[in-house]
*Asks:* 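Before I ask anything, let me first share the structure, which is written out below as structure tokens.
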Protein chains: 2
Amino acid sequence: MATIRDVAKLAGVSVATVSNSVNDPGRVSEQLRNRVLKAIETLNYAPRAAARSLRKQSSGLLGLIVADITNPFFTELVQAVEGIASQQGFSVLLCNSDEDPAREEKHLQVLRSQWVDGIILATTGDVSLSRSSLLSQIRVPVVLVDRAFDGLGLDAVVLDNRLAAHQATEHLIRRGHRRIGLLSGPTSVTTGADRLAGYREALLASQIRFDPALVLEAGFREQQAYDATVALMRLPQPPTAVFAANNLMAIGMMRALSVLGLRCPDDVSVISIDDFAWANVFRPKLTTVAQPVRQMGEMAVQLLTDRIHGHRSGTGSTHMLESHLVIRESCAAPVQAAQSEATRAEPAPSR
Amino acid sequence: MATIRDVAKLAGVSVATVSNSVNDPGRVSEQLRNRVLKAIETLNYAPRAAARSLRKQSSGLLGLIVADITNPFFTELVQAVEGIASQQGFSVLLCNSDEDPAREEKHLQVLRSQWVDGIILATTGDVSLSRSSLLSQIRVPVVLVDRAFDGLGLDAVVLDNRLAAHQATEHLIRRGHRRIGLLSGPTSVTTGADRLAGYREALLASQIRFDPALVLEAGFREQQAYDATVALMRLPQPPTAVFAANNLMAIGMMRALSVLGLRCPDDVSVISIDDFAWANVFRPKLTTVAQPVRQMGEMAVQLLTDRIHGHRSGTGSTHMLESHLVIRESCAAPVQAAQSEATRAEPAPSR
DNA sequence: GCGAGCATGGCAACCATCCGGGATGTGGCC
DNA sequence: GGCCACATCCCGGATGGTTGCCATGCTCGC
């Protein structure tokens, strides 16, 4: 309620001096500064961010758009981003697109008019849509996280998705699996396409023929993964192991296996990309390929603030981080040939 | 970059007409409005939120402070709040206090200077601290969520924590348990104290003597719950069932049981407050008392916007929502007396 | 021809910041 | 001892973009 004028009046100085006392203490004598600060405290004055941003042409706000806030991957990302941003004096405007490109678009509009100093974007839309919308508000620095796309020259922080998928697939192969199912994300986005590529690479490296019937696209969502898993396990020759390309799909897969009455890892081995806090609490403890989520968040904020402060300019680049395998209990050697014969004899698994 | 002036010039109208075209279409003729809108599109103009809030004395921002963004309860709350707020034209400034009252205090300062229109606060500090800090910036409407405190006359949306704890404890009693451990939250906050009270009420109702040795405070955190569970199970007469007063403590408890080599529900039954998406995916599927999280978020936003729009005034009230029991697989009848004798004979459980 | 009503424009206010200028005081040098 | 140069402090005023209020001017109808 109190304005800078009220403070100035109470302290018996000019408005400018009040401002200087706060923002550039060197310009004001110690004594006067104390008098001003005391007045500020008395009136419980706080500068109005709106007026300040109007004058400074910068808001001290960072926009963060994630695809699904309930996904633990993004939750952890949000935590990291908020923490670092806050340390650097920025507040975070959180937007959740809920996997809806239209909502993402709307959020971008809002962020633009809020005049945020920068945007961290985990895009949900396909590339073309995002491109057109982003082009319209190119003024503010943007850093992509998780999913990248070329063509706009933006900075991006992503996982080495090929490597991650390779690690997961290779782990299953080492345990003796040859028929490995894949719950894939949409190949229209880099995380989907690259993880599929890594899976194929790993198969190739072990001279296992790629079987398209074992790859089902499940849109990174739980329910679709559930359906896909049921379909996979009802194949004439079901896979002995399944690799889910993200955490949500791993959940759907586990639920399906449970309903189908299949035990893990006894009947089928399971691995996924994305580690999360609860993966090691229940049975089976999930073997996963973990992403350095926190590091991704920190790096994204750093790239962004570097650009905001002008320490970084020109075309952006893609920063690729490495995943690592976390071995727990959900992967075992495949069931014996005899048993798989039995399974094959009865197409619909018991429940 | 384009200002309202540029638009006015291009459309050949005054600045005021541009503003009216956007905000009060009735005041401008159809034809002129179209000309203006076209100019806006051509120049890709967006009003600057800072200037607008300066003029309107309101920012269109809602502050949301949660205690721990990685806790699924708060995650879901954030999702609900963001969704509804966005629908109502508000953006959400997300703050994560990470269970640190000092950070919460800092976030409050920031929100105050951002001149947010309202604050939804899931406070982490004890009552006295929050009280003093909140008093200093009483100008903006505040709605408490999850944890309430009296004295400031603020609106609050909370769970009927007594009922929830009663439901959980009673369920265990019905299954035949008489020695029921409690991993309690800190009794300095309402959620901690009320859940303890509900536990005691349920015991009393079934004429089971309250045994203080079976109640350990674990601060709503995972690691402390882990330690507490180990301690509980090493008692001369360990409980046959344990009730964790929130989700994080349930996780810690499950981890401890796993390390101790105790099977659930065979060796010990388990129940907790807070349901979450993964509770029914792994083994054992957790029996929980679910909170209507989404509803809590919606109600909090509604109360807040009602106040912001002046539809609501005067002293706030506490709104209590009911939990419901979700029965899954983690509660069974207690082990036979013979077996508990055996357990008692060997104080340190095998691992 | 006059009045009513509507479309449009002008102007001030919102509040913090920053640039440049002005005022005061101090020290040194002739 | 007096004057000038300089440093230290402080203040005035302009700036930014938008909106609400009020005035103006125009047109249409009676």
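Below, chain A is the first sequence line, B the second, and so on; all start at residue 1. Basis for what follows: all heavy atoms, side chains included, without hydrogens, waters or symmetry-related copies.
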*Asks:* With distance as the sole criterion, is a donor-acceptor pair present between the side chains of A:Gln79 and A:Arg294 under 3.5 Å?
*Replies:*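 Indeed, the side chains of A:Gln79 and A:Arg294 share at least one donor-acceptor pair under 3.5 Å.
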
*Asks:* So do the side chains of A:Asp117 and A:Val140 get within less than 4.5 Å of each other, counting heavy atoms only?
*Replies:*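 The answer is no; the side chains never approach within 4.5 Å.
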
*Asks:* Go through C:dA16, D:dT18, D:dC11 for me and flag the one nearest to the B:Arg52 side chain.
*Replies:* D:dT18

*Asks:* Taking the nucleotide of DNA chain C with the nearest heavy atom to each, does B:Ala51 or B:Arg33 sit closer to the 5' end?
*Replies:*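 Its nucleotide being nearer the 5' end, the pick is B:Arg33.
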
*Asks:* Is there side-chain contact between A:Val78 and A:Val66, with at least one heavy-atom pair below 4.5 Å?
*Replies:*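 The answer is yes; the side chains approach within 4.5 Å.
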
*Asks:* Does C:dT17 have its OP1 or OP2 closer than 4.0 Å to a side-chain nitrogen or oxygen of A:Asn23?
*Replies:* yes

*Asks:* Quick one: does B:Phe90's side chain get under 4.5 Å of B:Leu61's, heavy atoms only?
*Replies:* no

*Asks:* Measure from the side-chain heavy atoms of A:Lys56 and tell me the nearest of D:dG17, C:dC18, D:dG12.
*Replies:* C:dC18

*Asks:* In terms of side-chain heavy atoms of A:Thr17, which of D:dG17, D:dC11, C:dT8 is nearest?
*Replies:* D:dC11

*Asks:* From C:dG9, D:dT19, D:dG17, pick the nucleotide closest to the side chain of B:Val15?
*Replies:*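 Looking only at side-chain atoms, B:Val15 lies closest to D:dT19.
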
*Asks:* Kindly point out which of D:dT18, D:dT19, D:dG12 is positioned nearest to the side chain of A:Ala16?
*Replies:*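 The closest nucleotide is D:dG12.
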
*Asks:* Starting the side chain at C-beta, find the nucleotide from D:dC10, C:dC15, C:dT8 nearest to B:Ser29.
*Replies:*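 Closest nucleotide to the B:Ser29 side chain: C:dT8.
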
*Asks:* Less than 3.5 Å between a donor and an acceptor, one on the side chain of A:Arg55 and one on the base of D:dT15, is that the case here?
*Replies:* yes

